[in-house]
Amino acid sequence: AKALCEVYPLHRLLRRSDNITPLVAIFQHTSNFGSNNDENLYLPFWLLNRAEMLAILLDRSDQNAPNQSSRFSHHVQALKQESLEQLNKRDVLETFTVDSPIPYSLTDLVSRLKGDDTEMVPVARANTEKKGEWNGKLTRFVARLETKIADRRYGFMFSPPEQSTEYEWLARLMQTILGSDNEQQGIKIIDFSEVPSDVLPVVVAVFSRLLYDVQFWMNPEERTPITIVCDEAHLYLPVAENTDAVERQAVNAFERIAKEGKKYGASLLVVSQRPSDVSRTILSQCNNFLILRLTNDRDQGVVRRLLPERMVGMVEIMPLLDTGEALLIGDSILLPTRIRLDKPELKPASATRNFWTDWANCQPSQDGIAKAVETLRKQSRE
């Protein structure tokens with residue numbers, strides 16, 4: 001593994017971790033839609049900006065893609081305007097955009113898109129009609145949208161509970177994530193493991209963008225610095241040439257934080273086993289490197305390019321590091337240092353299985369296999 005981080009603040013945080021009760025938030029299980037469990041986290045569709053929604057829904061190869069994008073943007077802006085008018089938010093009405101996080105009705109959006117897709121308009125000849133301007137051009141887009149809504153895996157986004165459609169809900173969510181009290185101090189853990197892989201980059205992008213935007217717009221004297229820890233970063237922060245439209249949203253959000261976030265109290269701690277697969281822009285903005293054993297030539301090459309010329313020789317040590325050993329390089333330490341990490345008191349569930357012992361002593365469980373198949377079918381461990 002390789003960690004690239006602001007080491008000193010993290011070190012201070014981890015030293016206090018035994019006194020911290022973290023908030024663990026899990027994106028809503030597919031079997032529990034609508035439950036009020038405090039550990040369940042929703043990311044309703046109205047939090048996504050125009051580009052993020054279109055990355056999920058729009059097929060760029062469709063010849064009608066420009067028409068679909070245009071009508072989607074038009075109706076979303078109109079629905080957000082109507083919501084603000086109903087809430088009498090006159091000050092927001094003057095400056096809001098289609099990307100502003102304002103609740104609106106997804107049912108109304110689908111209805112209006114279908115209306116455009118089936119619209120017939122009268123012509124000069126009596127009792128005759130012709131197809132409207134958008135007739136038949138939105139069919140595939142509407143079908144993709146309805147498929148996402150009907151898929152229970154996307155329930156945290158397209159089927160959120162009623163309270164998450166309230167105007168004040170976003171402020172309450174950010175207060176929970178960014179706030180700190182005696183019961184839920186500094187560390188907040190967000191579990192993305194049940195988010196479908198095809199939308200994971202967008203979900204991570206939306207979440208991080210909201211945190212950054214709140215920090216950006218907050219009064220400077222009221223900001224508390226935050227660090228966003230990106231575990232398994234190669235899954236959603238790939239190098240630019242390997243990204244698709246969905247992954248590009250995540251990369252853009254995190255590159256913005258990496259380049260501009262420090263002055264607004266937002267920093268990144270990027271963790272990956274494959275640094276060669278992580279965005280070069282993000283890696284180039286890191287001030288400190290905590291490097292564990294690396295044997296792959298491509299990964300070593302990435303580290304070599306990031307280090308000052310006088311330190312390149314230290315790359316030769318990386319394949320020889322023992323388990324628990326690491327190189328610490330960067331602004332947080334005077335000289336590059338080879339260190340040994342303390343073993344965690346609570347061992348992670350991701351620890352490698354003891355294959356030699358387990359192969360000899362563990363027999364496959366027929367009931368366990370059958371239960372795993374059912375868990376696979378319902379997409380939930382509960």
Side-chain angles (χ1 to χ4, degrees), residues 42-60 62 64-121 132-149 154-175 199 202-203 205-218 245 249 252-253 256:
Y42 295 87
L43 197 72
F45 59 91
W46 56 267
L47 293 181
L48 278 67
N49 62 30
R50 174 183 176 276
E52 290 159 349
M53 280 290 281
L54 291 178
I56 296 175
L57 300 173
L58 190 65
D59 181 1
R60 299 286 178 181
D62 191 329
N64 288 313
N67 295 318
Q68 296 165 1
S69 173
S70 173
R71 295 313 290 168
F72 172 82
S73 303
H74 171 78
H75 289 312
V76 168
Q77 179 147 358
L79 287 168
K80 289 183 176 182
Q81 180 175 340
E82 292 171 12
S83 295
L84 292 173
E85 289 173 349
Q86 291 174 2
L87 295 169
N88 198 29
K89 298 289 183 179
R90 298 298 175 185
D91 53 339
V92 182
L93 268 170
E94 295 177 359
T95 56
F96 89 102
T97 69
V98 69
D99 292 332
S100 300
I102 299 166
Y104 63 93
S105 171
L106 191 60
T107 303
D108 289 347
L109 174 62
V110 173
S111 176
R112 296 187 185 192
L113 290 171
K114 284 185 174 179
D116 285 343
D117 192 49
T118 58
E119 182 184 23
M120 301 294 292
V121 296
E133 182 180 2
W134 314 103
N135 190 299
K137 297 179 180 180
L138 310 180
T139 306
R140 294 181 180 179
F141 185 84
V142 173
R144 287 191 290 270
L145 176 55
E146 290 184 322
T147 299
K148 297 290 186 185
I149 295 173
Y154 303 95
F156 66 90
M157 182 180 296
F158 293 110
S159 302
E162 186 175 351
Q163 62 266 27
S164 66
T165 62
E166 298 174 357
Y167 186 85
E168 294 79 12
W169 179 86
L170 179 56
R172 295 197 298 267
L173 174 65
M174 290 296 101
Q175 288 167 352
V199 295
V202 166
V203 171
V206 173
F207 193 77
S208 60
R209 176 178 57 78
L210 286 172
L211 294 177
Y212 174 78
D213 286 345
V214 171
Q215 288 286 108
F216 178 87
W217 290 105
M218 194 181 302
Q249 299 303 316
N252 287 341
R256 183 184 179 196

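This is a predicted model, so every value here is computed, not measured.
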Quick check on K148: does its NZ atom have over 12 non-hydrogen neighbours (other residues, nucleotides or ligands) under 6.0 Å away?
yes
For P44 and W169, work out which heavy atoms get closest and say how close.
CD-CH2, 3.5 Å
Taking all non-hydrogen atoms of both residues into account, name the closest pair between L47 and E52 and its distance.
O-OE1, 4.4 Å
Counting N and O atoms only, with roles assigned by atom type, does the side chain of S69 sit under 3.5 Å from a partner on the main chain of P66, one being a donor and the other an acceptor?
no
So which atom in S73 and which in V98 form the shortest heavy-atom distance, rounded to 0.1 Å?
O-CG2, 3.8 Å
Can you tell me how far the CG atom of D99 sits from the CG atom of D213, to the nearest 0.5 Å?
10.0 Å
CG on L58 to CE on M53, rounded to 0.5 Å
11.5 Å
Just so I know, are the side chains of K89 and F96 near enough to count as touching, which here means a heavy-atom distance under 4.5 Å?
no
Enter the distance from D59:CG to F141:CZ here, rounded to the nearest 0.5 Å.
11.0 Å
Verdict with supporting geometry, Q86 and E82, side-chain hydrogen bond (donor to acceptor under 3.5 Å, both in side chains):
CA-CA 6 Å; Q86 291 174 2; E82 292 171 12; 5.4 Å; no
Can you tell me if CZ on R144 sees more than 12 non-hydrogen neighbours from other groups inside 6.0 Å?
yes
Apply side-chain contact (heavy atoms from CB on, under 4.5 Å) to the pair L48 and I56, showing each step before the final yes or no.
CA-CA 10 Å; L48 278 67; I56 296 175; 3.7 Å; yes
Between CG of N64 and CG of D117, what distance do you get to the nearest 0.5 Å?
9.0 Å
Going by the angle between their ring planes, with limits at 30° and 60°, are F45 and Y104 parallel, tilted or perpendicular?
perpendicular
If you define the side chain from C-beta out and look only at heavy atoms, does anything of W46 sit under 4.5 Å from L170?
yes
CZ/F72 to CG/L57 distance, rounded to the nearest 0.5 angstrom?
6.0 Å
Between L113 and W134, does a side-chain contact (heavy atoms from CB on, under 4.5 Å) hold up when you go through it step by step?
CA-CA 9 Å; L113 290 171; W134 314 103; over 6 Å; no
Full working for side-chain contact (heavy atoms from CB on, under 4.5 Å) between E146 and K114
CA-CA 11 Å; E146 290 184 322; K114 284 185 174 179; 2.6 Å; yes
Rounded to the nearest 0.5 Å, what's the gap from OG on S164 to CE on M157? Could you check?
12.0 Å
Got I149 and V110 here, is their nearest side-chain heavy-atom distance under 4.5 Å?
yes
Could you pull out the closest heavy-atom pair between Q249 and A55, with the gap in Å?
CG-CB, 4.0 Å
For A253 and S208 the tightest heavy-atom approach is CB-OG, 4.0 Å
Name the one of H74, K137, H75, Q68 that satisfies side chain to side chain donor-acceptor pair (under 3.5 Å) with D116?
H75
